[in-house]
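Data first, discussion second: the structure below is written as structure tokens.
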Amino acid sequence: MASPNSYKLSCSIPGHEMDVRGLAAAFFPDGAFTSVSRDRTGRVWVPNSSPDRGFTEMHCMTGHENFVSCVCIIAPSDTYPRGLIATGGNDHNICVFTLDQPQPLFTLKGHKNTVCALSSGKFGTLLSGSWDTTAKVWLNEKCMMTLQGHTAAVWAVVILPEQGLMLSGSADKTIKLWKAGRCEKTFTGHEDCVRGLAVVSDLEFFSCSNDATIRRWLVTGECVQVYYSHTNYIYSLAVFPNGQDFVSTGEDRTLRIWKQGDCQQTIRLPAQSVWCCCILPNGDIAVGASDGLIRVFTEVEDRMASPQDLQAFEDELSKTTIDPKTGDLGDIKMEDLPGREHLEEPGNRDGQTRLIKEGQNVEAYQWSVADSRWMKIGDVVGGSNQQTSKKVNYEGKEYDFVFTIDINEGGPSMKLPYNVTDDPWLTAHNFLEKNELSPMFLDQVANFIIENTKGHTLGAAAPSAADPFTGRVNKHKYNFLVHFSLMRTCCSNTFIMAFSPGTGRYIPGSGTPTGAPVGVADPFTGEGAYSSAASRQTSTNIYFPKTDGVTFEQANATQIMAKLKELNGGAPGEYRLSEEVLESLEKLLVSVCNPCASEQPTTEQISLLWKTSHWPEDIVFPVLDILRLAVRHPQVNDSLCGGDTDDGVALCNHLLSLMKPQGRPANQMLALRTLCNCFSGWRGRALLLAQREAVLSHAADLCSVCNKNIHIALATLVLNYAGSLHGQPDLEAKAQCLSVASAALESVQDKEAVFRLLVALGTTVASDQTAQDLAKSLGVMSQIAKYTSVTDPAKVGECCQLVLKELQ
């Protein structure tokens, strides 16, 4: 901090025609910042050298078709040495600008509703949050990941500086911590919508909420402090460079400055909603509000506004009207209020408010520690004794308007409560969300509110006008059916498959699972079969990219059939197989295990195998072992994976149904191995690429299962996907591979599984700069660095070093 002074107004910046919704300090030019507004524009402001110490508009950006809700700055790069500006809007889009032209450099499309939060990270990574309940990770003009898990609008997002961690805050009252695209932790504690997030350090962050509190959290999950001072919704936070002090703004018309854990100063503004704030490089504070103005506050005397401008700001504040129900004034009984003599007593703290009776009016004053005096902050209207303030009671609260909304003819109507001090767009959004109505009608609902409350706006009370808060109660009835049909929306739940866990004494495919032997130099030929002494003498990369599929070949046909016959003897009657069927399955098993077999699998045998694979889950594992071996055969692969499109999808879905985390380990392992072996045929590969999102999502759920063989099969599946995607432009698919590999490395201990995951990472990023940038932004380098020193087996350490080299 430049000095211990209290903050005072430095300048007011006009320019926007509607609410200023977002602010961000810019990298270039020095001292500049960017603002966005409901007037559909973004603007870059630079400090000028004029006596008023103000800012000049340097650049105006257009491109959104609706309100602009948020902004962030993407750090300079070799390609864009002055950085980029990203803005999100109610048109569902993200526009990315340079300082060279008013139109977007490119537009990111993918969200299905308003983009209301943005945050940038290393290597050009961009994180967005939306009313569509998702957050998305973007890189190089592509959506890399979609973060799903919240059940309501995602109002806030932020990227932590290290380890690839991301945070999202939602109207579902929770905060989620994401790593490599997966939710690692959910923070609960706020009692209303989470509206803002701000980074303190690698390990800590702040959140603010509609519950009027600010919380400080550790990324490990603990809430270490709760801050109280605001009296209404808190919309934004910004942290000073020291990582301890911060500022906040909200619906109580205030900017609050927090130092050493306490609210040291409260600055009230002549606008109801103070939407946003940011810390400028020189330590000044910029705030944007619902009156369309940007105001800059400073604690450095040389940058403070002139005495005349400070007095004008104070006069403007004193002329505003205050609804006590939106602030900290409480219910007012004029007969109990003191007179002006009450102002002769000094206040106890900065920002303390006092009400006095002045004739038939109630005036509000705030104590200024800096000036050691009471400052008038407005005239209070709507007290309990003021008979002209007619309110409607709805659900225990009083409102200026309660509209009746008809959804369908003859159906139940809905109530839309509204106070003239509320934001019509936020009210409309909350109404649609509460009643599970489609957000596409936001504009119509908000415009209806605005149209039917004309003349009832917050501002200076006109000398000859009646109190703008005391109009009669409107009993408008608005029938949406005339204009459109409201569609109810619902959020799909996370797909969870659960049934009672069990155990199996038979471990199919016993022994270390290996790939097809292709010589001593192949690191996938199994434990002890590979010697890397020669490779240590050269920098040749023998590990990745690995584009041929790794399969599970080992089998003991005699043991499999013996177990199958044993279990068949005790199978329920409707599942018991005849001797003829058992003989057909045995012939199929022999033919697929022996490449030189004279007999080829028949259509009937394949059909019997598919039917038998639906045995009860407690006895099906030997059949799955046959299926695992059979899909390597070209004829079986063609038939089950793609002879008919529906057949392939049915196979995929059946295997996924066996992979639920609470399922039987033998079934989980064999289902994973079967999927891996499907990559041996072109139809199987095409099927799994088409079903990639579902397959990898279900596979990732098995990371937490403590089973070495399952982890090796999981790692192999990720590796086969990485090999199939190598050289392809499908960045979203590669992002999922990176995400699942990174998540698996968090829990996998077996060195063979770790090795295969490292090869998968190396294959994904090899010769692909975008994939490399994404891996770095996800914190992969720091995550795998611990494996560089592994020497047993040596291939783990060697492969890890090569992956890190690829990412440097």
Side-chain angles (χ1 to χ4, degrees), residues 1 23-25 72-73 75 117-122 125 127 129 135 137 147 149-150 154-170 172-230 234-250 255-264 276-281 283 285 742 746 777-779 781-783:
M1 295 300 175
L23 294 168
C72 78
I73 307 298
L118 291 169
S119 177
S120 63
K122 294 182 177 180
T125 308
L127 177 63
V137 182
L147 310 182
H150 284 294
V154 178
W155 278 106
V157 295
V158 73
I159 299 177
L160 292 169
E162 299 295 340
Q163 307 302 321
L165 297 177
M166 300 177 179
L167 293 164
S168 59
S170 170
D172 64 13
K173 307 178 188 178
T174 70
I175 302 163
K176 291 185 181 292
L177 175 71
W178 307 84
K179 183 172 178 62
R182 292 178 62 82
C183 181
E184 297 288 316
K185 192 177 298 294
T186 298
F187 302 77
T188 59
H190 280 299
E191 298 176 359
D192 206 335
C193 305
V194 178
R195 297 300 295 266
L197 295 167
V199 175
V200 176
S201 66
D202 294 352
L203 303 175
E204 292 184 82
F205 65 93
F206 287 115
S207 64
C208 65
S209 166
N210 281 4
D211 65 11
T213 70
I214 298 167
R215 290 176 177 256
R216 186 171 185 148
W217 306 83
L218 300 179
V219 294
T220 50
E222 298 85 0
C223 177
V224 294
Q225 192 167 354
V226 182
Y227 304 85
Y228 301 93
S229 183
H230 280 281
I234 307 174
Y235 293 135
S236 70
L237 293 164
V239 181
F240 285 105
N242 65 10
Q244 300 299 317
D245 302 332
F246 60 97
V247 299
S248 58
T249 65
L255 159 68
R256 297 182 189 246
I257 297 144
W258 303 77
K259 295 185 179 181
Q260 299 178 345
D262 293 321
C263 181
Q264 295 290 326
C276 52
C277 60
C278 74
I279 307 294
L280 301 182
I285 305 166
S742 177
E746 291 291 320
S777 72
L778 293 175
M781 295 179 71
S782 59
Q783 184 183 31

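The shortest non-hydrogen separation linking Phe187 to Leu218 is CE2-O, 3.3 Å. Nearest approach of Cys263 to Trp258, heavy atoms of both residues: N-CE3, 3.4 Å. Between Cys278 and Ala25, the shortest heavy-atom distance links the atoms SG-N, 4.0 Å. Smallest separation of non-hydrogen atoms from Cys277 and Val247: SG-CG2, 3.8 Å. Across every non-hydrogen atom of Met166 and Leu147, the tightest pair is SD-CD1, 4.5 Å. Minimum interatomic distance between Ile159 and Gly121 (heavy atoms only, all atoms of both residues): CD1-N, 3.5 Å.
Cys208 SG to Leu237 CG: the interatomic distance, rounded to the nearest 0.5 Å, is 4.0 Å. Atoms CG and CG, on Asp245 and Asp262 in that order, are 10.5 Å from each other to the nearest 0.5 Å. Here CD of Gln264 is found 10.5 Å from OG of Ser229. Values are rounded to the nearest 0.5 Å. Rounded to the nearest 0.5 Å, atoms CG (Leu165) and CD (Glu184) are 8.0 Å apart. Between atom CG of residue Leu177 and atom CH2 of residue Trp217 there is a gap of 12.0 Å, rounded to the nearest 0.5 Å.
Formation of a donor-acceptor pair under 3.5 Å by the Asn210 side chain with backbone atoms of Val194 is not found in this model. Counting only distance, with no hydrogens or angles, the side chain of Arg215 and the backbone of Gly189 share a donor-acceptor pair below 3.5 Å. Remark: side-chain polar atoms of Ser119 are not paired, donor with acceptor, to backbone N or O of Leu127 under 3.5 angstrom. Remark: the backbone N or O of Leu197 is not paired with any side-chain donor or acceptor of Ser207 at under 3.5 angstrom.
More than 12 non-hydrogen atoms from other residues, nucleotides or ligands lie less than 6.0 angstrom from NZ of Lys176. By the neighbour-count criterion of 12 heavy atoms within 6.0 Å, atom CD of Glu222 is densely surrounded, having more than that number from other residues, nucleotides or ligands. Residue Gln225 qualifies as enclosed at atom CD: its count of foreign heavy atoms under 6.0 Å is above 12.
Using modelled atom types, one finds no donor on one side chain facing an acceptor on the other under 3.5 Å when comparing Lys122 with Ser777.
Side chains of Thr188 and Lys173 form no contact here, defined as non-hydrogen atoms less than 4.5 Å apart. Between His150 and Thr174, some side-chain heavy-atom pair lies under the 4.5 Å cut-off. Side-chain contact between Ile279 and Ile285 is present, with heavy atoms from C-beta onward closer than 4.5 Å. Proximity of Tyr227 to Ser248: side-chain heavy atoms (C-beta onward) are nowhere separated by under 4.5 Å.
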**OP:** Go through Arg256 and Ile214 one step at a time and tell me if the side-chain contact (heavy atoms from CB on, under 4.5 Å) criterion holds.
**Re:** CA-CA 12 Å; Arg256 297 182 189 246; Ile214 298 167; over 6 Å; no
**OP:** List the steps, then state whether side-chain contact (heavy atoms from CB on, under 4.5 Å) holds for Trp178 with Ser168.
**Re:** CA-CA 8 Å; Trp178 307 84; Ser168 59; 2.8 Å; yes
**OP:** In sequence, state the C-alpha distance, the side-chain angles, and the governing distance for Lys179 and Glu746, and then conclude on side-chain contact (heavy atoms from CB on, under 4.5 Å).
**Re:** CA-CA 10 Å; Lys179 183 172 178 62; Glu746 291 291 320; 3.1 Å; yes
**OP:** Test side-chain contact (heavy atoms from CB on, under 4.5 Å) on Ile234 and Arg195 and set out the steps.
**Re:** CA-CA 7 Å; Ile234 307 174; Arg195 297 300 295 266; over 6 Å; no
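The aromatic rings of Phe246 and Phe206 sit tilted, their planes meeting at an angle between 30° and 60°.
Leu160 pairs in a side chain to side chain contact (heavy atoms under 4.5 Å, CB included) with only one of the listed residues (Leu167, Val200, Asp202), which is Leu167.
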